[in-house]
Amino acid sequence: MEGLFRRSIADRTPVEMIYMSEKGIVTKRVVTVRQVNEDAITAFCHMRQAVRTFKRLNILSALPVKRRSWRQDDQIG
């Protein structure tokens, strides 16, 4: 995931990730990463239209966005 996040910063490309909130709610997010540190990433969340911080432990998966409809974020389950 580290390389994917670094590429998102360098190329300003979106990443699709599955994220679990502190309340256990799992969502699919499309983000453009701005900063990476040991415990979290800071990214522009396209669902919330705002910069958010995501705990790395709560990121369940991350993939590069390959389709054009990446603005459609969903709650899963």
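Atoms considered below: every heavy atom in the structure, side chains included; atoms not considered: hydrogens, waters and symmetry mates.
- The two residues Y19 and K55 come nearest to each other via the heavy atoms OH-N, 3.2 Å.
- Between V33 and A43, the shortest heavy-atom distance links the atoms CA-CB, 3.7 Å.
- With rounding to the nearest 0.5 angstrom, the CE atom of M17 is 4.5 Å from the CD1 atom of I59.
- Summarising the geometry of V36 relative to R56, their closest heavy-atom pair is CG1-NH1, 3.1 Å, with the distance given to 0.1 Å.
- Minimum interatomic distance between T13 and R7 (heavy atoms only, all atoms of both residues): OG1-O, 3.9 Å.
- The heavy-atom pair separating F44 from A50 by the smallest distance is CE1-N, 3.5 Å.
- The structure places NZ of K28 at 14.0 Å from CG of L60, a figure rounded to the nearest 0.5 Å.
- Here CD of Q49 is found 10.5 Å from CE of M47. Values are rounded to the nearest 0.5 Å.
- Rounded to the nearest 0.5 Å, atoms CD1 (I18) and OG1 (T27) are 7.5 Å apart.
- Residues V31 and L4 share a single hydrophobic cluster, defined by chaining ILVMFWY side chains whose heavy atoms lie under 4.5 Å apart.
- In plain terms, the two heavy atoms of S21 and N58 that are nearest each other are C-ND2, 4.2 Å.
- Here CZ of R52 is found 12.0 Å from OG1 of T42. Values are rounded to the nearest 0.5 Å.
- Atoms CE and CG, from M1 and L63 in turn, are 9.5 Å apart once rounded to the nearest 0.5 Å.
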